[in-house]
Amino acid sequence: MSAATGITVNGKPAQVEEGSTLVGLAETLGLPDRGVAVALDGEIVPRSQWAVTLITEGSAVEVVSIAAGG
Amino acid sequence: MEHRYPPLVVAGHQFASRLITGTGAMTSLAMLRESLIASGTSLTTVAIRRFDPRASVGLFDLLHELKLEVLPNTAGCYSAREAVTTARLAAEALGTKLVKVEVIADDTSLLPDPIETLRATEELADAGFSVMAYLSDDPILARHAEAAGAAAVMPLGSPIGSGLGILNPYNIQLIAETSHVPVILDAGVGTASDAALAMELGCAGVLVASAVNRAEDPPAMAAAIAGAVEAGYLAHGAGRIPRRAQAVASSPSEGLAELL
């Protein structure tokens with residue numbers, strides 16, 4: 001079993017397998033194919049880069065989408 | 001839906017309806033759906049928030065089903081920096097460079113912060129965004145927003161959710177007359193006549209959220225306001241009579257029968 005990497009997702013503690021990319025996290029979270037954006041440690045990561053973006057220990061991931069308002 | 005006016009054009013984007021709707025203050029997704037349909041709107045504004053599987057996906061699917069263009073907004077931002085990041089996240093999530101920049105000064109007045117709004121407008125416009133800037137009803141500020149690159153200016157009629165209508169019609173008219181970009185009245189509409197007045201004053205469109213979503217019968221109010229936007233547009237083009245302090249007879253005095 002591979003080691004777990006501790007991160008936060010939208011401010012809540014979460015764990016992913018060591019060496020996970022944003023694509024793996026998106027699958028774990030069940031993110032839809034469109035309508036969401038991800039920022040990793042404050043930097044927006046385009047969906048096209050998710051597969052090559054590694055999540056490291058302590059990473060803060062923000063996942064946003066639309067909501068009623070404004 | 002047919003409209004008795006030409007489309008609204010913002011930075012090359014065409015919208016058949018001049019009524020922009022907000023999704024805030026809605027009671028349920030089903031009610032929002034009915035109201036959006038009744039409004040005949042082409043463009044609906046949404047906030048950007050942390051992903052919530054139920055809420056986000058339901059709203060996204062609804063807007064897609066109704067084939068509505070989505071106008072992400074930066075509601076909840078108190079600084080230019082937050083607004084710029086929010087706009088970039090929205091662009092990534094939705095694939096649109098259209099954004100309503102809304103930077104409020106505090107959470108009680110909910111009034112837009114003019115300085116931060118201008119900063120965000122300039123930075124986003126420079127980055128290729130089509131910025132629709134939510135502003136106070138200040139003609140000079142509207143001029144600055146346009147100079148900063150705003151694709152549309154959105155002066156408030158009165159504070160968000162107040163339903164007080166247009167408190168300074170002279171300023172709104174002045175903004176409409178002097179702007180070279182579309183002027184959309186945003187915030188403060190309480191009922192249909194407020195939307196009609198905005199259009200009569202020369203606005204290119206109206207944005208409503210609370211007026212519809214908090215009405216007793218939201219779809220009925222949406223339909224009423226859609227009609228008012230049309231009526232106001234037509235009245236503006238028709239040229240109203242000047243206001244006078246005294247009566248002006250509309251019937252000829254010649255040819256009166258002598259009855260006594």
Side-chain angles (χ1 to χ4, degrees), chain A, chain B residues 20-29 31-32 44-64 70-77 81 84-96 99-102 104 110 134 154 160 186-187 207 209-210 213:
Chain A
M1 192 179 152
S2 55
T5 300
I7 61 169
T8 62
V9 177
N10 286 348
K12 289 181 186 155
Q15 290 203 328
V16 293
E17 276 181 32
E18 197 177 352
S20 289
T21 65
L22 282 177
V23 163
L25 179 65
E27 280 168 12
T28 308
L29 296 174
L31 296 188
D33 299 341
R34 50 193 182 159
V36 293
V38 170
L40 180 62
D41 296 326
E43 292 291 323
I44 298 169
V45 184
R47 191 179 275 268
S48 59
Q49 298 297 306
W50 287 5
V52 294
T53 305
L54 286 171
I55 302 170
T56 53
E57 182 70 29
S59 292
V61 181
E62 288 285 328
V63 184
V64 301
S65 185
I66 63 170
Chain B
I20 303 173
T21 47
T23 51
M26 63 154 191
T27 51
S28 73
L29 212 53
M31 184 59 89
L32 179 66
T44 293
T45 189
V46 295
I48 301 297
R49 292 289 180 274
R50 281 174 166 172
F51 178 69
D52 171 340
R54 281 182 309 156
S56 305
V57 174
L59 183 61
F60 192 87
D61 289 347
L62 173 63
L63 301 181
H64 187 71
V70 181
L71 173 62
N73 61 60
T74 64
C77 293
R81 197 166 154 263
V84 167
T85 303
T86 302
R88 290 184 186 282
L89 284 165
E92 167 63 19
L94 301 168
T96 178
V99 65
K100 175 185 155 183
V101 166
E102 177 177 341
I104 56 170
L110 300 180
Y134 172 58
M154 308 182 86
I160 290 171
D186 190 350
L207 188 150
S210 302
N213 296 335

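Residue numbering restarts at 1 for every chain, and letters A, B, ... go by the order of the sequence lines.
- Contacts of B:L207 with chain A are absent, with no heavy-atom separation under 4.5 Å from either backbone or side chain.
- A:I66 touches chain B through backbone and side chain together, each having a heavy atom under 4.5 Å away.
- Residues A:V9 and A:L29 have side chains in contact (heavy-atom distance under 4.5 Å, counting atoms from C-beta outward).
- The minimum heavy-atom distance between B:C77 and B:T86, with the atom names listed, is SG-OG1, 3.3 Å.
- Ranking B:I48, B:L89, B:N213, B:D186 against chain A, the residue ahead of the rest is B:L89, based on heavy-atom pairs under 4.5 Å.
- The pair A:R47-B:E92 does not meet the salt-bridge criterion, since no charged nitrogen lies less than 4.0 angstrom from a carboxylate oxygen.
- Looking at heavy atoms from C-beta onward, B:L29 lies in side-chain contact with B:L59 at the 4.5 angstrom threshold.
- Between chain B and the options A:A37, A:G69, A:G35, the largest number of non-hydrogen pairs under 4.5 Å is found for A:G69.
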task = Show the numbers, then the answer: is there a side chain to side chain contact (heavy atoms under 4.5 Å, CB included) between A:V38 and A:V61?
result = CA-CA 7 Å; A:V38 170; A:V61 181; 3.9 Å; yes

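- Of the two parts of A:V45, only the backbone, made up of N, CA, C and O, holds a non-hydrogen atom closer than 4.5 Å to a non-hydrogen atom of chain B.
- Highest contact tally toward chain A, considering only B:A47, B:P53, B:G76, B:G58, is held by B:A47 [criterion: heavy-atom pairs under 4.5 Å].
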